[in-house]
**Q** 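Shown below is the structure under consideration.
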Amino acid sequence: MILDILGLIIFGAVIGILARLVLPGKQNISALVTVILGILGALAGYYIWGAISNKGDTSGVDWIRWIISIIVAAVLVTVYGSITGKKRV
């Protein structure tokens, strides 16, 4: 259980950072918000891929799930920036 939570935090941080890298310009959000949005993106990506795919667990890296997670996290970063009024520079 503890390792699952730790893994989710690390995975969320990576997804959040990758999401910010694919967006143009600079996003003025904190590292904590990046991790939280990355975790939400990762969870949503897992859910979306599970809903559209019936493959279940895969052996190795599931690149489609990663790409979906990054896209969702990038959307979340954009929405967060527009809601909080923090403009990209």
Side-chain angles (χ1 to χ4, degrees):
M1 173 87 174
I2 299 292
L3 290 178
D4 291 337
I5 294 171
L6 184 61
L8 181 62
I9 292 170
I10 293 170
F11 183 64
V14 170
I15 292 295
I17 291 167
L18 291 174
R20 286 182 63 179
L21 286 175
V22 299
L23 291 173
K26 181 182 177 192
Q27 297 77 35
N28 294 320
I29 62 175
S30 69
L32 179 62
V33 173
T34 299
V35 171
I36 291 170
L37 295 176
I39 290 170
L40 293 174
L43 291 173
Y46 269 52
Y47 176 76
I48 292 168
W49 178 240
I52 62 175
S53 172
N54 60 0
K55 296 183 185 212
D57 288 337
T58 59
S59 60
V61 178
D62 194 352
W63 294 107
I64 296 173
R65 187 177 296 177
W66 272 80
I67 292 169
I68 293 170
S69 297
I70 293 168
I71 291 169
V72 171
V75 169
L76 291 174
V77 167
T78 303
V79 169
Y80 177 82
S82 66
I83 289 173
T84 61
K86 295 185 178 187
K87 303 291 183 201
R88 292 183 284 173
V89 177

**Q** Would you give the length of the straight line joining atom CG of Leu18 to atom CG of Leu23, rounded to the nearest 0.5 angstrom?
**A** 11.0 Å
**Q** Can you tell me how far the CD1 atom of Ile39 sits from the CG atom of Leu8, to the nearest 0.5 Å?
**A** 5.0 Å
**Q** If hydrophobic clusters are built by linking Ile, Leu, Val, Met, Phe, Trp and Tyr wherever their side-chain heavy atoms come under 4.5 Å apart, do Ile67 and Ile52 end up in the same one?
**A** no
**Q** Nearest 0.5 Å please: distance from the CH2 atom of Trp49 over to the CH2 atom of Trp63.
**A** 14.5 Å
**Q** Following the transitive rule for hydrophobic clusters with a side-chain heavy-atom cut-off under 4.5 Å over Ile, Leu, Val, Met, Phe, Trp and Tyr, establish whether Ile71 and Val14 coincide in one cluster.
**A** no
**Q** Are any of the side-chain heavy atoms of Ile29 and Leu37 separated by less than 4.5 Å?
**A** yes
**Q** Closest approach of Ala19 and Ala74, non-hydrogen atoms and distance?
**A** CB-N, 3.4 Å
**Q** Where is the tightest heavy-atom contact between Leu76 and Gly41, given as atom of each residue plus distance?
**A** CD1-N, 3.8 Å
**Q** How many angstroms lie between CD1 in Ile15 and CG in Leu40, if you round to the nearest 0.5 Å?
**A** 12.0 Å
**Q** Does Leu3, at its CG atom, have more than 12 non-hydrogen atoms belonging to other residues, nucleotides or ligands within less than 6.0 Å?
**A** no
**Q** Tell me whether Phe11 shares a hydrophobic cluster with Leu6, the cluster being built from Ile, Leu, Val, Met, Phe, Trp, Tyr side chains joined at under 4.5 Å.
**A** no
**Q** First locate atom CD1 of Ile48, then atom CD1 of Ile68, and finally report the distance between them rounded to the nearest 0.5 Å.
**A** 6.5 Å
